[in-house]
Protein chains: 2
Amino acid sequence: MPRPARLTPPPEMSETSLFQGLGATALKSVLAAAVETSLRAGETLFHQGDEASRLYLVVSGVVKLSQVAANGTQHVLRLMSAGDVIGCVAVFNRFPYPVTASVEEDATLISWAEPQFWHLMEDHPELMTNALRTVGQRTQEFVARLGEVNGATAEQKVARAVLRLARQAGIKEADGVRVGMTRQDLADMTGITYFTISRILSDWKRRELVEAGRREMLVRNPHALLLLSDGS
Amino acid sequence: MPRPARLTPPPEMSETSLFQGLGATALKSVLAAAVETSLRAGETLFHQGDEASRLYLVVSGVVKLSQVAANGTQHVLRLMSAGDVIGCVAVFNRFPYPVTASVEEDATLISWAEPQFWHLMEDHPELMTNALRTVGQRTQEFVARLGEVNGATAEQKVARAVLRLARQAGIKEADGVRVGMTRQDLADMTGITYFTISRILSDWKRRELVEAGRREMLVRNPHALLLLSDGS
DNA sequence: GGGCACATTTGACCTAGCGCAAAAAGCCGA
DNA sequence: TCGGCTTTTTGCGCTAGGTCAAATGTGCCC
């Protein structure tokens, strides 16, 4: 249910990296041009291959970026949460979206039509600078990951995926970080079968690094996972 | 041996995607600010982790972008040839270079200091637009590759790597495309041991898809490789 | 031509992780 | 409380590809 974005920018907006260095007036006019959308878990923002028509900024909730490979398997690339920009790669490229964006947890987003955002960037050079930086960071992340997937054991990959998950969509609790995901989700993120995922998690449970329940887990000892993901 | 870039832009410069849409005058001033460098095969442009101080454009030759993973293995990300921009991700990020750039075949490059290029982009908005597009394309490529590495067999990965190699650094000949690389190079590009690479190439030789010699190969039937890389 | 340094090939063996099947454990609605 | 459903666990066999060792080229320098 799209509607115009509220005109009064909430204070946290000015801290969003996309808006860094933007004056209050500029920020207001950029936000005025945006449209606010609320989506429920399970709904889809856009599909892989759709024409890249809009640029989104996540205000709240969690959005999953996934890709369907040629062989039909689904690969989850990344979860996006508050402050993350979705569609930047495709929009600045005038290419179809390379991924599918679906809502994991009820989300609110604001978005701009592609030509409109180009205008905004022309009017506000800082915006373009920030966009360039954002895309650069995204690339850097993917480059780093390309390096990581190689030669890593299944356990290392799972450790990294869980840590990423905890960072991007985890909820801090007294004795750890809680993340909601199925074994299948983890499998899609790592390219490992969920059988192997289950075996690894069972092992971690035995070693008391995590507690794993149905559709969720509690990361008790992130540091140990970091060691696992890194060293042997 | 750096020296100022020649002031008269060679005609092909205006076709470089980074300079698309730039007027002749603008192009001249952008080139005037650049420095030309020639490097021999084996020399290094910059190392992974170096401060990202310059943005390079390949004029001729081939430059290899590689990454050393945490476990010490080298991973070749991409070969860059004429028209490709090197360092864009890091420079626009003010992050250290995430990769090492070394010269594969004697190369000539032009480069700009980072702050200077920002000024040029401010003066010439088309340049910034192009930069944004370039970074976007690079990202898109890496995202696509992240999806590809998953679930692919060794043969599929090698097929893709060889095709990329042929496209990025191949020399067209009467009966195929010649590419210069060692089995080890291919291993570094795919994350596969060179034993397996050798086995796969031997098989391809038997099936007459390629001819493979010491430090080089001739791709006879790119179409067959494309089928291999894609289908089962 | 002979020796040397690599690059490549081939073989033998081994293991991480996949595929499949079947059992167990939660969750929910009636 | 009982099905019926989904998610997770576990066992077992199998295979792609890694590891190691040893043989075979191949080019180059003296």
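The structure displayed is predicted, hence computed values, not measured ones. Naming: A, B, ... by sequence-line order, numbering from 1 per chain.
Nearest to the side-chain atoms of Arg214(A) among the listed nucleotides dC18(C), dT19(D), dG26(C) stands dG26(C). Of the candidates dT9(C), dT19(D), dG19(C), dT9(C) carries the atom nearest the Arg183(B) side chain, counting heavy atoms from C-beta on. Closest to the Phe195(A) side chain, of the nucleotides dT9(D), dG25(D), dT19(D), is dT9(D). Nearest nucleotide to the side chain of Ile192(A), out of dG17(C), dT10(C), dC18(C): dC18(C). Among dT19(D), dG25(D), dG17(D), the nucleotide with an atom closest to any side-chain atom of Thr193(B) is dT19(D). Picking from dT8(D), dG17(D), dT9(C) the nucleotide with the shortest atom distance to the side chain of Tyr194(A) gives dT8(D).
At whole-Å resolution of the value, CZ in Arg199(A) and P in dT9(D) are 11 Å apart. When the P atom of dA16(C) is taken as reference, atom CD1 of Ile200(A) falls 12 Å away, rounded to whole Å. In this structure, CH2 of Trp204(B) is placed 16 Å from C1' of dT8(C), rounded to the nearest angstrom. Across the protein-nucleic acid pair, Asp203(B) atom CG and dT9(C) atom C1' stand 14 Å apart, rounded to whole Å. One can place CD of Glu211(A) at 13 Å from P of dG26(C), the figure rounded to the nearest angstrom. Straight-line distance from the NZ atom of Lys157(A) to the C1' atom of dC18(C): 12 Å, rounded to whole Å. Spacing between atom CG of Leu186(A) and atom P of dT9(D) amounts to 11 Å, rounded to whole angstrom units. Residue Gln156(A) contributes atom CD, which lies 12 Å from atom P of dA16(C) at whole-angstrom precision.
Taking a cutoff of 4.0 Å between a charged side-chain nitrogen and a carboxylate oxygen, Arg220(B) and Glu208(B) do not qualify as a salt bridge. A salt bridge is absent between Arg167(B) and Glu141(B): the closest approach of a Lys/Arg side-chain nitrogen to an acidic carboxylate oxygen does not fall below 4.0 angstrom.
Residue Lys205(A) places at least one side-chain N or O under 4.0 Å from the OP1 or OP2 atom of dT9(D). OP1 or OP2 of dG18(D) has at least one side-chain nitrogen or oxygen of Thr196(B) nearer than 4.0 Å.
To the nearest 0.5 Å, atoms OG1 (Thr139(A)) and CD (Gln140(B)) are separated by 10.5 Å.
Toward the 5' end of DNA chain D, the nearer of the two residues Ala154(B) and Leu201(A), judged by each one's closest nucleotide, is Leu201(A).
Ring-plane geometry between Phe46(B) and Tyr97(B) is classed as parallel, the angle between the planes falling under 30 degrees on a 0 to 90 degree scale with a further cut at 60.
Within 6.0 Å of CD in Glu51(A) there are 12 or fewer heavy atoms belonging to other residues, nucleotides or ligands.
Counting non-hydrogen atoms under 4.0 angstrom, Arg215(B) reaches the backbone sugars and phosphates but no base.
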